[in-house]
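Everything on this sheet refers to the single structure shown next.
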Number of protein chains: 2
Amino acid sequence: MTLPPDPAPAERPERQRLQMADIARIAGVSVATVSRALNGSQEVSAATRQRISELARSLNYTINAGAKNLRLRHNKTVAVVIPFDQQARLHVSDPFFLSMLGSLADALTDQGYDMLVSRVDADQLENAARAWDTGAALGVILIGQWHSHAQINAMSDRGVPLVVWGAQVPLQRYCSVGGDNVAGGLMATRHLIERGCRRIVFIGDPTTPEAAQRLRGHQQALLDAGLPHDPALQLHSSFDTGQARVALSRLIESGTVFDAVFACSDVLAMAVMQTLRLHDREVPRDVAVVGYDDIEWASHADPPLTTVRQPVAHAGAEIVHALLDSVAGEIVPPRTLAVELVVRRSSLR
Amino acid sequence: MTLPPDPAPAERPERQRLQMADIARIAGVSVATVSRALNGSQEVSAATRQRISELARSLNYTINAGAKNLRLRHNKTVAVVIPFDQQARLHVSDPFFLSMLGSLADALTDQGYDMLVSRVDADQLENAARAWDTGAALGVILIGQWHSHAQINAMSDRGVPLVVWGAQVPLQRYCSVGGDNVAGGLMATRHLIERGCRRIVFIGDPTTPEAAQRLRGHQQALLDAGLPHDPALQLHSSFDTGQARVALSRLIESGTVFDAVFACSDVLAMAVMQTLRLHDREVPRDVAVVGYDDIEWASHADPPLTTVRQPVAHAGAEIVHALLDSVAGEIVPPRTLAVELVVRRSSLR
DNA sequence: CTGAAAGCGCTAACAA
DNA sequence: TTGTTAGCGCTTTCAG
């Protein structure tokens with residue numbers, strides 16, 4: 001009337017891993033005592049606690065997290081999902097996202113949480129909650145909101161604890177943490193104007209909230225300086241550098257005059273600089289260039305790239321914090337982090 | 001004599017997530033039936049199976065993975081650990097490692113596995129097995145072996161299912177999957193020699209197994225061509241570009257003559273090209289440069305970088321395969337993957 | 001201070 | 001075909 005599913009002693013799938021009962025037996029105590037000892041309970045005598053801890057350590061025994069979580073009805077892992085846009089071809093490979101991942105890993109590790117990473121097609125963002133639905137993670141961090149605003153709202157409404165790195169947008173019912181994109185765009189363009197640039201190309205994909213805000217800042221800076229906004233100078237390009245190259249080449253070939261480019265990411269800026277060189281435009285003499293993100297490569301570029309620095313290291317901690325709070329049931333307001341203009345040679349003319 | 005730890009109905013930590021019992025109640029069947037239905041058992045009538053599946057889907061219910069794993073005594077997540085060397089300052093941020101991560105994510109997802117990512121200090125690599133010890137993961141993938149050969153052997157001896165991306169070295173008791181570093185070094189240097197280079201600088205850290213093998217290939221190529229091996233041309237630099245810059249600058253300032261550089265990574269090669277430019281050496285006219293990895297940036301560099309391509313996409317699948325096999329108890333032999341020289345402008349003189 | 005026993009959410013004999 | 005029930009590895013009341 002039971003189910004000893006281990007009749008043949010040769011059939012066990014993944015034995016060898018010891019469990020609490022094993023070390024209890026070896027130590028000659030009950031599992032309850034081992035549990036208490038390993039969890040540092042004061043109820044157990046210091047001596048046995050010590051003895052059991054050492055035994056466990058020497059045997060490389062660690063409490064089975066799954067069972068513990070099940071019993072305690074909680075868990076210590078958070079899901080980080082990288083939306084992966086087929087079209088934009090922006091995979092995990094953008095250095096900015098990579099560094100974000102690193103930053104999150106650090107913040108999570110600091111707090112004793114594990115990080116479950118997955119990529120999900122940006123068109124099916126509802127899959128992002130899978131790790132939560134299955135109980136594998138206590139919450140979800142989304143890197144970038146892309147075009148999925150509505151789906152994210154839906155997940156949030158369903159009660160999925162959720163924080164997204166991205167822009168703060170109207171009607172958002174989830175917590176976002178992001179850089180101050182409007183200020184970033186403003187700073188970048190204002191700087192260019194101060195360096196004497198008058199016809200500044202903007203390149204990015206304003207259908208994403210972040211780029212849209214950067215564009216807004218850009219336009220504001222033009223307005224502030226009394227400069228006209230020429231639509232011909234606004235180049236649409238997703239984060240894919242191929243598009244950027246084509247768009248910029250076309251612009252140059254069309255004979256349109258411009259003396260600066262503000263790109264929505266450093267990767268884009270790199271493509272811009274290469275394209276300019278291809279067309280014998282020298283940076284910064286002929287065209288000043290400003291990027292966005294301040295990835296490590298930016299300072300080593302040739303010429304070193306002026307860019308808007310996103311507070312990546314800080315962001316990781318901030319995001320994790322927000323998620324943990326929202327798991328605890330708090331209503332966490334969106335947060336906008338200050339960004340900073342880092343001036344290097346690419347914009348000095 | 002029991003433990004209803006939910007006396008106050010307002011105290012429950014993270015309720016709201018439904019469980020099998022809930023949907024069983026709603027569907028008016030037993031949990032066993034739900035379980036069977038959701039697992040696609042043939043024992044349950046097609047009608048109820050359908051009904052229950054739809055109910056679950058509409059309620060966003062998903063089987064709790066932790067409980068299922070506990071009961072089934074297995075799990076579907078693998079740990080990917082990125083050794084993180086304080087000294088080499090090589091974090092997750094090297095694009096090569098990033099793309100490796102992406103490749104693993106894809107391969108794992110394809111097979112229905114989750115990916116738990118952690119960084120561990122390369123000096124305390126024994127922590128890499130934590131996810132396995134706690135039962136959180138069924139195996140561990142290590143990206144790079146660095147200097148921790150012995151510790152990896154130890155983990156493997158302990159029975160931790162383990163695959164490392166890296167070089168195949170003598171006395172290794174774990175499975176490694178890696179590019180053919182000797183061949184890579186050979187191809188790179190032979191190519192340089194064919195282009196007429198005679199004094200070729202090698203830059204890398206030969207205390208890591210991978211770089212050591214690339215150096216071996218490099219030396220072999222020199223030997224094959226009857227060229228002398230000048231120790232002065234062998235520059236030690238970890239993957240940190242700062243070291244590379246300093247070392248190369250010194251070499252130049254010392255007046256040592258050279259006409260090519262073979263760098264152990266593309267990131268290093270980038271630093272090399274910048275340093276050369278700083279010293280008014282033109283690439284490839286004055287100095288030909290070959291890198292290693294073929295990260296995305298390489299083809300967009302200025303000039304585009306000749307490099308040894310590592311089969312990243314393929315590697316992810318290969319590694320996952322090896323790990324799964326070794327979890328299944330097979331003895332998986334190390335595997336060396338073919339690499340390929342991609343000739344671009346940086347070496348054409 | 002320690003042990004016995006119940007049960008976290010699930011699966012699979014076994015019985016009906 | 002479906003329900004009943006035991007138990008995966010752990011924590012924690014309650015009794016000793």
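Order of the sequence lines fixes the chain letters, A, B, ..., with proteins taken first and strands second; residue numbering starts at 1 for each chain. Computed from heavy atoms alone, side chains included, the values below leave out hydrogens, waters and symmetry copies.
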> Would you call the rings of B:F96 and B:W165 parallel, tilted or perpendicular, where under 30° means parallel and over 60° means perpendicular?
Replying inline: tilted
> OP1 or OP2 of C:dG9 sitting under 4.0 Å from any side-chain N/O of B:Y61?
Replying inline: no
> CZ of B:R25 versus C1' of C:dC10: gap in Å, rounded?
Replying inline: 16 Å
> Could you state the CG-P distance from A:N75 to C:dG9, rounded to the nearest angstrom?
Replying inline: 13 Å
>> Other residues, nucleotides and ligands only: do more than 12 of their heavy atoms fall within 6.0 Å of CZ on A:R130?
In response: no
> Once you round it to whole Å, what is the distance between C1' of D:dT5 and CE of B:M20?
Replying inline: 16 Å
> How long is the line joining CG of A:L72 and P of D:dG9, in whole Å?
Replying inline: 17 Å
> So, is A:T33 near the phosphate of C:dT2, with a side-chain N or O under 4.0 Å from OP1 or OP2?
Replying inline: no
>> By the 4.0 Å heavy-atom rule, please label B:N69 as base, sugar-phosphate, or nothing.
In response: nothing
> Is the shortest side-chain N to carboxylate O distance from B:K76 to B:D114 below 4.0 Å?
Replying inline: no
> Within this structure, what is the CD-to-P distance between A:Q42 and C:dT2, rounded to whole angstrom?
Replying inline: 13 Å
>> For B:V31 and A:A32, find the nucleotide of DNA chain D closest to each by heavy atoms; which residue's nucleotide sits nearer the 5' end?
In response: B:V31
> Quick one: A:I52 CD1 to D:dC10 P, roughly how many Å, whole number?
Replying inline: 14 Å
>> Expressed as a whole number of angstroms, how long is the span from B:K76:NZ to C:dT11:P?
In response: 14 Å
>> Is there a side-chain contact between B:T48 and the phosphate of D:dT2, meaning an N or O under 4.0 Å from OP1 or OP2?
In response: yes
>> Heavy-atom nearest nucleotide on DNA chain C for B:E43 versus B:A67: which residue maps closer to 5'?
In response: B:A67
> Which one, C:dA4, D:dT2, C:dG9, comes nearest to the side chain of A:R36?
Replying inline: C:dA4
> Which sits closer to the 5' end of DNA chain C, B:N39 or A:L70, going by the nucleotide each is nearest to?
Replying inline: A:L70
> Using a cut-off of 4.0 Å on non-hydrogen atoms, how would the nucleic acid contact of A:S35 be classed: base, sugar-phosphate, or nothing?
Replying inline: base
>> Just the rounded figure in Å: distance from P of C:dC8 to CG of B:N64.
In response: 13 Å
> B:K68 side chain: which of D:dG9, C:dT11, C:dG9 is closest?
Replying inline: C:dT11
> Which of the following nucleotides, D:dC10, D:dG3, C:dG9, is nearest to the side chain of B:R71?
Replying inline: C:dG9
>> If the threshold is 4.0 Å, N to carboxylate O, is there a salt bridge linking B:D157 and B:R173?
In response: yes
>> Salt bridge check, B:D133 against B:R158: does any charged N sit closer than 4.0 Å to a carboxylate O?
In response: yes
>> Measuring from the side chain of B:S30 (C-beta onward, heavy atoms only), which nucleotide among D:dT4, D:dG9, C:dG3 has the closest atom?
In response: D:dT4
